[in-house]
Number of protein chains: 2
Amino acid sequence: MREKPKPYHHGDLRNALIQAGLELLAESGASALDLRQVARRVGVSSAAPYRHFADRQALIATIVEEGYYRLARHIQSALQQASDEAFDQLNAVARTYVHFAQDNPWLVREMFSGLTIEHETYPDLHQATKAVYHLYVEIIQRGQEHGQVIAGDPRALASVLWSMLHGIATLTIEHQMRPYTDGPEGIDRIALFSMQILYDGVGRKERDP
Amino acid sequence: MREKPKPYHHGDLRNALIQAGLELLAESGASALDLRQVARRVGVSSAAPYRHFADRQALIATIVEEGYYRLARHIQSALQQASDEAFDQLNAVARTYVHFAQDNPWLVREMFSGLTIEHETYPDLHQATKAVYHLYVEIIQRGQEHGQVIAGDPRALASVLWSMLHGIATLTIEHQMRPYTDGPEGIDRIALFSMQILYDGVGRKERDP
DNA sequence: ACCTGAACACCGTTCAAGT
DNA sequence: ACCTGAACACCGTTCAAGT
């Protein structure tokens with residue numbers, strides 16, 4: 001079934017490299033994400049990728065960028081199935097975030113390692129992270145409009161939400177959330193619990209008489 | 001785990017390698033954390049480190065472990081200067097966490113990358129992270145005893161606190177918290193703000209008459 | 001314009017041999 | 001017992017030459 005037409009020109013090498021990199025990352029972790037191996041899998045020479053990416057970092061940045069866009073898509077589709085209650089939406093996002101991390105641990109680790117984000121050498125990547133961040137800002141704003149979320153700069157509140165999501169996803173991947181993540185609905189439980197805390201706080205409120 | 005005090009090239013190569021690794025990491029980032037370069041800086045051959053560490057990962061795990069112990073010490077000393085109010089303590093921890101991350105960005109990135117924690121090949125490292133986690137559990141428990149923190153499994157609540165700290169530290173390092181971190185007290189401001197949210201929640205509470 | 005082949009510098013790791 | 005020197009396999013990157 002598999003033909004091996006090996007034209008001198010690949011045709012879509014750039015996308016093929018991104019795809020192969022994504023696969024290698026998922027299969028064998030970050031150490032497999034090296035240019036020679038990616039080139040090998042695609043069936044081109046080790047030098048070929050340099051026609052499409054400045055260096056290894058640039059390929060990784062593009063792969064991570066793709067990761068952020070995928071995450072954004074997942075979140076958007078989860079939000080469409082949630083009610084317009086702020087808490088419900090927070091919950092949907094948290095569940096999506098943690099599941100995405102669990103399903104793509106190596107990709108998310110690469111996304112969160114941030115080595116590339118630091119240098120603003122990759123504007124497209126920066127754009128992709130902003131797209132996700134913007135979804136949080138919108139949730140907060142809608143919640144404020146409906147009187148469900150406290151007043152305050154939506155971007156500041158969104159940053160705190162982002163921090164929380166970032167943290168629970170990371171700790172879940174690293175298996176630091178056990179035993180709360182065990183069992184069939186464990187991952188959902190920790191997401192729900194975290195959002196409940198974020199929503200209501202850990203401080204004990206006075207029961208006024 | 002103290003050994004003979006002898007920071008000379010001959011007798012204490014193990015500690016010399018850890019120290020050099022810490023320095024290289026701080027100076028030049030993760031890419032500088034390679035065995036040959038560490039060996040070079042200490043003034044031994046490239047093969048010498050293998051007498052003290054199984055491989056490169058083992059050296060990194062030890063360096064990261066040292067990072068967790070340093071962080072634990074910082075937190076402990078901050079807690080001693082805080083009052084016995086739960087909120088005050090949460091705040092002290094958050095400030096310490098974020099400052100530590102800002103002062104040691106590469107070390108913290110390595111600590112959070114978690115590639116090593118996943119494999120429980122490094123029990124000492126696991127131990128070091130537990131030491132930090134335990135400090136959070138204690139804060140939560142004290143807060144509950146004083147009626148300042150809501151009821152619930154202290155370990156679960158501590159995990160949520162940990163997630164929050166993890167997230168704000170990461171986003172601060174990656175400069176995703178701007179513009180809230182700008183200015184002289186910016187870093188403290190974002191820590192305080194985050195803890196206020198964690199304590200009181202983002203949900204709008206009804207003002208009962 | 002896009003890709004190959006060979007080359008260079010460098011790293012992780014091993015091992016026989018030195019002290 | 002601890003360290004050196006040489007060696008092997010492999011990776012990032014470059015560049016002249018091929019299609």
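What you see is a predicted model; the values in this text were computed from it and never measured. When reading the values below, keep in mind they use all heavy atoms of this one structure, side chains included, and skip hydrogens, waters and symmetry mates. Proteins get letters first, then strands, A, B, ... in listed order; numbering begins at 1 in each.
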| To the nearest angstrom, how far is Arg36(B) atom CZ from dT14(C) atom P? | 13 Å

| message | Checking Ile63(B) against Glu110(B) for the side-chain contact (heavy atoms from CB on, under 4.5 Å) test, could you report, in this order, the C-alpha distance in whole Å, the side-chain angles of both residues, the deciding distance, and whether it holds? | response | CA-CA 9 Å; Ile63(B) 287 171; Glu110(B) 212 59 40; over 6 Å; no

| request: Would you check if Pro105(B) and Arg109(B) make a side-chain contact, meaning some heavy-atom pair closer than 4.5 Å? | output: yes

| Exam field: side chain Arg95(A) to backbone Ala191(A), donor-acceptor pair closer than 3.5 Å | no

| message | Using a 3.5 Å limit for the pairing distances, which stems of at least 3 consecutive Watson-Crick or G-U wobble pairs does DNA chain D take part in? | response | C:4-8 with D:12-16, C:12-16 with D:4-8

| message | Any base atoms under 4.0 Å from Arg56(B), or only sugar-phosphate, or nothing? Heavy atoms, all strands. | response | sugar-phosphate

| task | Using a 4.5 Å cut-off on heavy atoms from C-beta on, say whether the side chain of Leu79(A) contacts that of Glu138(A). | result | no

| field | Integer-rounded Å distance: dA1(D) C1' and Asp12(B) CG | value | 16 Å

| task | Find the distance Asp34(B):CG to dT13(C):C1' and express it as a whole number of Å. | result | 13 Å

| message | For Arg155(A), is there any backbone N or O sitting under 3.5 Å from a side-chain donor or acceptor partner on Tyr133(A)? | response | yes

| task | Taking only heavy atoms on the protein side, list every residue of residues 47-55 of chain A lying under 4.0 Å from any atom of DNA chain C, sorted numerically. | result | Ala47(A), Ala48(A), Arg51(A), His52(A)

| task | List the steps, then state whether side-chain contact (heavy atoms from CB on, under 4.5 Å) holds for Leu161(A) with Val202(B). | result | CA-CA 9 Å; Leu161(A) 167 60; Val202(B) 300; over 6 Å; no

| query | Is the phosphate of dC11(D), meaning OP1 or OP2, less than 4.0 Å from a side-chain N or O of Arg40(A)? | reply | yes

| note | When rounded to whole Å, the CZ to C1' distance for the pair Arg41(A) and dC11(D) reads 17 Å

| query | Between Leu59(A) (CG) and dC11(D) (P), how many Å, whole number? | reply | 15 Å

| field | N/O donor-acceptor pair under 3.5 Å between Gln148(B) side chain and Gly203(A) backbone | value | no

| query | Is the backbone of Met111(B) close enough, under 3.5 Å, to the side chain of Tyr68(B) for a donor and an acceptor to pair up by distance? | reply | yes

| task | Just say parallel, tilted or perpendicular for the rings of His166(A) and Phe112(A), cut-offs at 30° and 60°. | result | parallel

| query | Between Leu35(A) (CG) and dT14(D) (P), how many Å, whole number? | reply | 11 Å

| task | Round to a whole Å and report the spacing from CD of Gln37(B) to P of dA9(C). | result | 17 Å

